[in-house]
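The residues of the chain are indexed from 1 along the displayed sequence. Everything numeric here is computed off the predicted structure, so don't read it as measured data. When a ligand or atom number is given, it counts from 1 through the structure's own listing order.
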Amino acid sequence: MGPPSAAASPAASAALRSAGEAVLRANWREGVRADGVAYAFTCPAPPRYRHMWHWDSCFHAIAWRLVEPVRARAELRTVLRSGRPDGFLPHTVFWDARAGWRRAPLYATRGLLGDRHTETIGPPLLAYAWELVADASSNDPGFRTEALLELARHLRWLEDERDPDGDGLLSIVVPDESGLDDSPKYEPVFGRLTHDRAGYALLMKRGRRARWDSHMLIERYDHHVEDVWVNVAYALSLHAMGRLTGDASWGARAERVERALLERCLDDRTGLFFDLAGRDERPVRISTWSSLSPLALCGLPAHVRMRLVEQHLLDERRYLAPVGIPSVSMDELSFNPRWDRFRTWRGPSWVNVAWLLAPAMRELGYGAAADRVVASLATAALRDGFREYYDPLSGRGLGARGFGWSTLLCELVDVPFTAPAAPGTE
Ligand code: GLC
């Protein structure tokens, strides 16, 4: 691919920004559902991803806040009314289009057809996104506090329903609740019930039979994980909630999650954070970007975070790839940099991962490495457009086109960066 420094010019940044805005506008959907509930959101990438996904919408709102904050606020308000009054917020919501009959049985819904949303959660980023959007909402200052009760109810729902052992870490009961559907880290846990195998239909059937009662599913089966990335998202939201409310108890909850990650998920030998699987909470020793995601928590000790960068992100056998940050360490047998039908998160580089980790790398003093991640993705996006993900070795754009959260790149390139050195020359 072309020289990564091509993306560093102001003209290139401007071109990316206008292409990013066009994607957000093209994917925007608004209307009123048959029951009178209004919605406004960005779908990830029509026609393939026509619905609303919780974490996609949080990222879309974060991207919109720099383009048209009024839409960012509308999208987050829509996320907030997508679930139930008890605080449950779904992973996928079918606002303007029902799930197609062929796909419908594979969504984690109550029935087989006609549901308005799944019964599963997504990475809980709402309070985190809310604060970022509030910071960009000087013309609507009430936004910051208008939904504190609902946000609190949502965070309490997660604690009550998804932390049955009370150790501070949330559990997920379906792989795609982390958003990382086919990540190889779920293979040893879900076996033939993983997202890309025929047995996934059985996992859906079992959930429906249990009416998605997560306490029951967690108690009775071993197919669940205390997922590192989901808990990083949770801690980010709890911290944000502390700042939005000024109530220190939210910050204390966030610190409890961080302590649990450090004490229970951090692997001393490798410095990586591993998910804890099943009733006996065995660590899943597979290196994926999720093992690095605690880097986004600036309250964790600097030496723990720096080790993630130095021993993993800067290692060209692991995560130091020509383009972006691979979703699976390149030294894992399961690493697959290419597109693979129904197999996402098995190697390609995603923009939201760079958006979460590159600023943390900069903050810790690894500016040149962060610049390289950003510039290489920017070059790929200028050439192939805002794709769902990119081949970390060749930079080729893969998966859906016009992918909403890939426009987060526009914010990343706004931070001035130096022309990166070729991988391995630092
Ligand atoms: C894919 C991704 C998931 C995302 C969804 C919508 O399933 O793996 O993370 O939320 O698409 O973009």
Trainee: Is the ring pair Phe190/Tyr186 parallel, tilted or perpendicular, if the boundaries are 30 and 60 degrees?
Mentor: perpendicular
Trainee: Taking atom types as modelled, find out whether Tyr389 and Asn352 have a side-chain donor-acceptor pair closer than 3.5 angstrom.
Mentor: no
Trainee: List the protein residues in contact with ligand 1, where contact means a heavy-atom separation under 4.0 angstrom.
Mentor: Pro44, Tyr49, Trp53, Trp55, Asp56, Gly179, Asp181, Thr344, Trp345, Phe403, Trp405
Trainee: Using the ring of each side chain (for Trp, its six-membered ring), is Phe403 parallel, tilted or perpendicular to Trp405, with breaks at 30° and 60°?
Mentor: perpendicular
Trainee: Between His195 and Arg343, do the side chains contain an N or O donor and an N or O acceptor separated by less than 3.5 Å?
Mentor: no
Trainee: For the residue pair Trp28 / Thr42, report whether a side-chain donor-acceptor contact shorter than 3.5 Å exists.
Mentor: no
Trainee: Determine whether a donor-acceptor pair (N or O, by modelled atom type, separation under 3.5 Å) exists between the side chain of Ser327 and the backbone of Pro348.
Mentor: yes
